[in-house]
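Below is one structure, written out as structure tokens; the observations come after it.
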Amino acid sequence: MFEGVAQELLEKYLGKYVEGIDKKNLSIGIYSGNITAEYLRLKADAFNDLGQYYHLPVRLKGGYIGKLQLKVKWNRIGTEPICITIQDVFLLVGPVSSDYRSNYNVE
């Protein structure tokens, strides 16, 4: 049950940027407050929209996060921060093509 709630919250806040958040790759320690997800694929379109907004000279072609860990103090939720650790990030980027630049007014 708790896995389903955690999955829904992670999808709500991270779903725009990553895919692969599901019960089979979630590990939840209810008492310890550790929530871990492994092997999340990055959604290139979401990151490229950010790159377009900030006029970055590269585009994300693919990537993944090896491990995403959240440390939640359940008895102090809302008053203390949630600690997020991201490990083993792989990004495959390439230059912004001239077609992409002209279509999206990237300088």
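Each residue takes its place number in the sequence, starting with 1. The model shown is predicted, which means the values in this text are computed figures rather than measured ones.
- With values rounded to the nearest 0.5 angstrom, Lys73 atom NZ is found 4.5 Å from Glu80 atom CD.
- Note: Glu38 CD to Ile65 CD1 = 12.0 Å, rounded to the nearest 0.5 Å.
- If you chain together hydrophobic residues whose side chains sit under 4.5 Å apart, Val93 and Tyr64 never meet in one group.
- Exactly one residue among Gln7, Lys12, Glu8 makes a side chain to side chain contact (heavy atoms under 4.5 Å, CB included) with Ile21. That residue is Gln7.
- With rounding to the nearest 0.5 angstrom, the CG atom of Leu40 is 6.0 Å from the CG atom of Asn25.
- In this structure, CG on Leu56 lies 9.5 Å from CG on Asn48, to the nearest 0.5 angstrom.
- Considering CD of Gln87 and OG1 of Thr85, their distance stands at 6.5 Å, rounded to 0.5 Å.
- A salt bridge is defined here as a Lys NZ or Arg NE, NH1 or NH2 lying under 4.0 Å from an Asp or Glu carboxylate O, and Lys43 with Glu19 fails to meet this definition.
- Of the candidates Ile82, Ile84, Leu10, Leu10 is the only one forming a side chain to side chain contact (heavy atoms under 4.5 Å, CB included) with Ile35.
- Cluster annotation: Tyr39 is not connected to Ile86 through the hydrophobic network of ILVMFWY side chains, with a link wherever side-chain heavy atoms come within less than 4.5 Å.
- Atoms CD and OG1, on Gln69 and Thr36 in that order, are 4.0 Å from each other to the nearest 0.5 Å.
- When side chains are defined from C-beta on, Leu60 does not count as touching Asp45, because their heavy atoms never get closer than 4.5 Å.
- The one candidate from Leu91, Leu42, Val58 that meets the side chain to side chain contact (heavy atoms under 4.5 Å, CB included) condition with Phe47 is Leu42.
- Looking at Asn34 and Ile28, their side chains never come closer than 4.5 Å, going by heavy atoms from C-beta outward.
- Between Lys71 and Ser32, the shortest heavy-atom distance links the atoms NZ-O, 2.6 Å.
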